[in-house]
Amino acid sequence: MKQHTSLPRGTRDFGPEVMMRRNFILDNIREVFTRYGFLPLETPAMENLSVLEGKYGEEGDRLLFKILNSGDFLRKSSIEDRKESSSLVSKITDKGLRYDLTVPFARFVASNRHNLALPFKRYQIQPVWRADRPQKGRYREFYQCDADVVGTKSLICETEIVLMINEVLQKLGVTDFSIKVNHRKILEGVCEFMGTPGQLSDLSVGIDKLDKIGWEGVKKELGGKGFSEDSIEKLATILKDGQSREKINSILTGTSASDGFEEFNSMKEMLSSFELENDHVQFDISLARGLAYYTGMIFEVIIADSGVGSVSGGGRYDDLTGVFGVEEIPGVGFSFGIDRLYDAMEHLDLFPVDDIKATEVLIVHFDDECFRYGLGSLKLLREAGIASEIYPDSTKLRKQLGYADKKGIRQVIIIGSEEMKTGNLTLKSMETGEEKSMGVNEIIRTLTTRNG
RNA sequence: GUGGUUGUAGUUCAGUUGGUUAGAACGCCUGAUUGUGGUUCAGGAGGUCGUGGGUUCGAGUCCCAUCUUCCACCCCA
């Protein structure tokens with residue numbers, strides 16, 4: 001009887017070809033993070049619900065995956081509890097899968113604050129889970145690659161984020177992208193200018209959609225949220241097409257926005273010391289990002305013609321650990337969404353074809369005696385650092401060579417009675433079909449110099 | 001969570017108004033070729049048509065439910 005195999009919705013297997021490419025991306029990100037002084041951190045897949053709940057707003061709580069308690073938990077609940085799901089839930093589950101990496105990080109910082117040398121720079125690459133309804137580029141299990149600095153308000157952190165984004169994307173071969181930057185204070189300034197202070201979050205959600213639904217759509221949405229015609233007219237003077245940063249700055253003079261522009265300019269100035277040809281930074285007044293806890297500069301990275309949304313985002317927060325009852329620790333961080341980066345790179349055909357190979361050489365043979373003889377050569381090849389394998393069964397050459405062909409192995413060592421007699425093995429190139437007879441040490445020299 | 005959409009061989013897809021034994025291409029296996037892969041030729045295996053109900057003399061085809069896929073909201077990486 002055949003069992004039906006299926007995955008939970010929104011989850012995926014990553015086969016070898018895909019994993020090689022994912023690792024190519026991850027290795028580059030990890031290398032850059034490390035070179036900028038970030039240290040690795042991992043936290044458990046599950047956290048206590050008390051840690052996760054209430055951190056992402058009402059919407060976020062709905063998207064949390066909860067883990068059922070073990071044992072006969074139902075017995076501990078009362079009849080009353082069973083009349084309403086929300087009441088029962090609190091009795092039968094107290095753990096959940098992590099929703100992002102920032103909250104577990106905050107929990108870690110809060111509980112280890114006396115042992116951490118501040119400022120603390122950490123990176124974290126792990127999957128997160130959301131009980132969302134999946135779409136393309138949207139999964140229920142996906143990876144985040146976070147890098148955060150806590151314990152300093154210095155703008156060098158923001159500057160370094162821009163540098164790291166540039167380095168990673170350059171290594172991946174992505175050239176046409178923009179790092180959109182805005183500042184929470186500037187948005188606050190806009191609010192003040194509109195005469196609607198205190199409505200920052202409604203304003204943010206609204207203008208964040210400018211790209212998608214256009215000015216008319218934003219106008220309608222804000223109107224529905226209770227913004228007056230007068231305030232919307234004022235917003236229009238700021239969002240008008242082609243409005244330069246300087247112009248917006250002068251319009252918003254006397255508001256909180258000035259601090260934001262000052263920080264932005266300092267960051268740009270610091271950036272100039274690194275002499276980038278093009279820093280890809282683009283000020284964007286309509287960038288808002290929904291997350292409520294940002295207090296300073298905010299970032300979002302868009303790859304042109306990539307077919308997916310933002311591949312990276314982040315920003316500064318003044319108070320990471322406040323919700324855990326710990327004194328304010330400021331920080332700034334950002335994250336790469338590698339699932340989307342992957343989709344974008346595939347769409348733009350940016351994966352290097354040559355890097356997709358694991359085994360360099362395969363040893364093929366005719367019978368058990370040749371097989372045993374081959375084991376000695378296999379040992380030497382591996383000691384020399386050459387990725388190699390021996391065909392496990394004694395079968396016809398046709399089949400063994402077919403295996404090498406399908407797996408993309410470029411070199412084959414053939415061992416038969418003739419080779420055993422002389423000690424000169426046959427090295428065959430699967431690409432050219434050329435064959436050479438030589439000892440195993442000479443083969444190793446040939447293969448290592450070719451790679452070096 | 002709301003509304004819509006999709007599902008047939010390992011993969012991509014045909015399958016007429018409901019009618020005999022559900023097809024193709026590619027892939028896979030075997031042989032031509034017992035010391036040589038890709039190409040070619042010959043043969044072969046592989047399907048409870050997503051799952052469970054229902055209508056019908058008869059369902060891949062119609063109806064309902066459920067799961068899955070993709071899309072628009074919501075929100076987000």
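Scope of the values below: all heavy atoms of this structure, side chains included, with no hydrogens, waters or symmetry mates. Bear in mind that the values here come from a model prediction, so they are computed numbers and not experimental data. Chain letters run A, B, ... following the sequence lines, proteins first, then strands; residues in each count from 1.
Not counting sequence neighbours, the partners of A:Thr11 by the side-chain contact (heavy atoms from CB on, under 4.5 Å) test are A:Leu7, A:Pro8, A:Glu141. In terms of the side-chain hydrogen bond (donor to acceptor under 3.5 Å, both in side chains) criterion, A:Thr159 has no residue partners (sequence neighbours excluded). Contacts of A:Tyr391 classified as side-chain hydrogen bond (donor to acceptor under 3.5 Å, both in side chains), with partners at least two apart in sequence or in another chain: none. Scanning for side-chain hydrogen bond (donor to acceptor under 3.5 Å, both in side chains) contacts around A:Glu59 gives A:Arg62, with sequence neighbours left out. A:Ser231 is linked by a side-chain hydrogen bond (donor to acceptor under 3.5 Å, both in side chains) to A:Ser228, counting only residues two or more places apart in sequence or in another chain. Partners of A:Tyr99 under the ring-ring contact (aromatic ring centres under 6.0 Å, His included) rule, at least two apart in sequence or in another chain, are A:Tyr56. Scanning for ring-ring contact (aromatic ring centres under 6.0 Å, His included) contacts around A:Phe120 gives an empty result, with sequence neighbours left out. For A:His183, the ring-ring contact (aromatic ring centres under 6.0 Å, His included) criterion is met by no residue, not counting sequence neighbours.
Using a 4.0 Å heavy-atom cutoff across all strands shown, A:Glu300 reaches no nucleic acid atom at all. Within 4.0 Å of A:Gly433, counting heavy atoms only, lies at least one base atom of the nucleic acid.
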Notebook entry, point to check: Please, what dot-bracket string fits RNA chain B when only Watson-Crick and G-U pairs with both distances under 3.5 Å count, crossing ones use [ ] and pairs to another strand use |?
Noted result: ((((..(..((((.....[...)))).(((((.......))))).....(((((..]....))))))..))))....

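Side-chain nitrogen and oxygen atoms of A:Lys399 include none within less than 4.0 Å of the OP1 or OP2 phosphate oxygen of B:U36. Between A:Lys406 and the phosphate of B:G27, there is no side-chain N or O to OP1/OP2 separation shorter than 4.0 Å.
Remark: ring of A:Phe366 does not overlap the six-membered base ring of B:G35 in a stacked fashion, as centroids less than 5.5 Å apart with planes less than 30° apart are not both met.
Listed in residue order, the members of residues 390-398 of chain A having a heavy atom less than 4.0 Å from RNA chain B are A:Lys396, A:Leu397, A:Arg398.
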Could you list the protein-to-nucleotides 65-68 of chain B atom pairs, N/O on both sides, closer than 3.5 Å?
none

Polar atoms only, N or O, under 3.5 Å: list the protein pairs with nucleotides 2-5 of chain B and their distances.
from, atom 1, to, atom 2, distance (Å)
B:U2, O4, A:Arg133, NE, 3.4
B:U2, O4, A:Arg133, NH1, 2.9
B:G3, O6, A:Arg133, NH1, 3.3

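What separates CZ of A:Arg138 from C1' of B:A77 is a distance of 9 Å, to the nearest Å.
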